[in-house]
Amino acid sequence: MTSSPEPLPLERRYRRLLASYPPAYRAERSEEMIATLMSAAPTQRQWPPVADALDLGVHGLRTRLRLAARDLRTPLAADAAHHAALVTLAVAAAAAVATVVGVSFLGQTAVYRGALHRPYSAPARVAVGLLLAAMPAALIAAGCGLQRLARWLAGAGGVGALGAGAVLTAHDRSDINGSHLFGMVVVLCLPGLLLWLARPEGADVRRAVLRARCLVLGGLLSMIFTLVVGAEELAGELVAPRGDPSLHVESKNLADSGLNLIVAMTLAGLAAGNLASGVRRERDPRRLAVACAMSIPWLAAAIGTLLTPALFRPEAAELGGDRLSTNLIQVGYTLAAFGVLGVLARGSLGRSRRASSTSSPEGIHRDAC
Amino acid sequence: MASGPLREPTFLILTSLAAEPRHGYGIIQDVEGLSEGRVRLRAGTLYGSLDRLVEQGLAAADREEVEQGRLRRYYRITGAGRQLLEAEVARLAANARAAGHRLGLEGLAP
């Protein structure tokens with residue numbers, strides 16, 4: 001489309017700035033935008049004004065978000081989110097069962113042995129048990145194809161756990177139960193959110209944008225959470241003399257509670273679910289890119305959370321038995337989650353093969369922007 | 001999205017297209033004139049607004065021309081865009097009249 005073999009330096013620089021826009025959009029629009037930018041620039045100008053650079057950068061990123069949000073409406077993205085939701089639900093159900101068993105029968109969380117200073121009161125145990133039972137129930141409902149019921153159960157479990165966490169934390173501020181329960185709440189809220197994200201029907205643009213923002217925001221919050229845990233841990237290490245457990249007990253409680261690792265596994269399951277669905281379904285690089293982009297913040301958070309204790313507490317091995325049992329439980333969760341993921345991915349591969357033998361492949365490009 | 005007050009750049013872009021189809025740089029110049037130099041659209045903002053307008057069916061691509069080796073794509077306002085702009089004009093005029101009354105500026109109000 002363009003003419004001159006040797007573009008002006010200003011044009012070259014404007015073209016570089018347009019790299020903030022997605023490639024598909026650039027292919028459609030860049031010549032037209034360059035024409036407008038060059039017409040608006042004084043002839044002797046060599047460098048784009050800073051305001052132009054900022055404007056193009058911001059709008060390029062916004063366009064990327066907008067197109068990613070639109071891709072969330074495609075069946076593949078909904079499928080990826082659905083798989084991720086099931087994996088997360090499986091992890092949450094396992095965590096819920098472990099917590100109910102621990103809290104109701106042992107008076108402490110099974111995830112991190114000896115984590116609770118005091119056992120919960122009897123009504124609290126019943127309430128926690130009822131709330132957490134929603135997670136396995138939601139998993140069973142999802143397995144039976146009752147998606148609507150699964151969504152409601154997972155949502156109710158998550159919201160209920162949030163309420164219980166708030167009440168218990170407010171009731172007894174001095175106890176560390178609150179922070180442990182908070183970790184569980186983070187995990188338990190995820191399946192409901194993901195099942196909601198996976199809703200393929202009735203998606204309009206605004207809802208799709210909201211979903212994309214939820215995913216990005218969730219990833220960012222997880223990263224911030226990871227950093228906060230890491231910073232607390234580091235502060236505890238710096239302030240407390242080595243070998244004196246009483247002084248850095250607060251940061252130890254937070255970092256060692258096992259919740260960060262559960263969150264990490266949940267997020268890794270989510271990321272893997274996205275990736276597996278994206279890779280296996282259709283070998284379309286654009287769709288794969290969407291799946292990767294959806295996964296990056298979560299994956300970064302997962303890796304960060306896993307590395308945090310290792311980076312800041314190299315002597316973690318000294319913690320001995322508790323640490324070991326925690327790790328074993330976590331390894332079990334991880335294996336279970338990835339097992340479920342493998343089954344799901346195989347199932348979807350078979351389905352997509354059957355589908356592709358009967359129907360024609362759908363076009364990628366919906367109505368042009 | 002199509003209801004509710006329009007943001008000023010969007011309002012001015014639609015106003016600019018209401019007269020005749022224009023290309024990107026044409027819209028920038030016209031909007032600067034319409035706003036008496038107050039609003040100087042940058043390309044990113046302009047094309048972001050145009051994308052939204054086209055997506056909502058308020059504007060559409062009209063034709064393409066090559067001028068001095070550069071691609072010019074012209075945009076036009078659609079029927080829905082015209083209706084929305086008319087509704088917005090009525091709303092703004094009513095607001096201006098109401099404010100004029102309160103300030104005792106009846107003579108100046110349209």
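These numbers were taken from a predicted model, which means no experiment stands behind them. Every chain is numbered from 1 and lettered A, B, ... according to where its sequence line falls, protein lines coming before strand lines.
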**Student:** I want to check something: taking the side chain as every heavy atom from C-beta on, are A/R29 and B/R73 in contact at a cut-off of under 4.5 Å?
**Tutor:** yes
**Student:** Check step by step if side-chain contact (heavy atoms from CB on, under 4.5 Å) holds for A/L37 and B/Y25.
**Tutor:** CA-CA 8 Å; A/L37 286 163; B/Y25 183 53; over 6 Å; no
**Student:** Kindly compute the distance separating CD (A/E32) from OH (B/Y74), expressed to the nearest 0.5 Å.
**Tutor:**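 Reported to 0.5 Å precision, the distance equals 11.5 Å.
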**Student:** Pick one of side chain, backbone, both or neither for B/R72, based on which atoms fall under 4.5 Å of a heavy atom in chain A.
**Tutor:** side chain
**Student:** Under 4.5 Å, heavy atom to heavy atom: which of residues 47-62 of chain A reach chain B? Give them by number, or say none.
**Tutor:**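 At a heavy-atom separation under 4.5 Å, chain B is reached by A/A51, A/D52, A/D55, A/L56, A/H59, A/R62.
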**Student:** Does B/Y47 form a side-chain contact (heavy atoms from CB on, under 4.5 Å) with A/T36? I'd like the steps, not just the answer.
**Tutor:** CA-CA 10 Å; B/Y47 284 99; A/T36 300; 2.7 Å; yes
**Student:** Is any side-chain heavy atom of B/R70 closer than 4.5 Å to one of A/E11?
**Tutor:** yes
**Student:** Would you indicate whether B/E65, at its atom CD, is surrounded by more than 12 heavy atoms from other residues, nucleotides or ligands within a distance under 6.0 Å?
**Tutor:**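 More than 12 heavy atoms, drawn from other residues, nucleotides or ligands, come within 6.0 Å of this atom.
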**Student:** In Å, rounded to the nearest 0.5 Å, how long is the span from CG of B/L71 to CE of A/M33?
**Tutor:**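 Answer for the CG-CE pair, B/L71 versus A/M33, is 12.5 Å.
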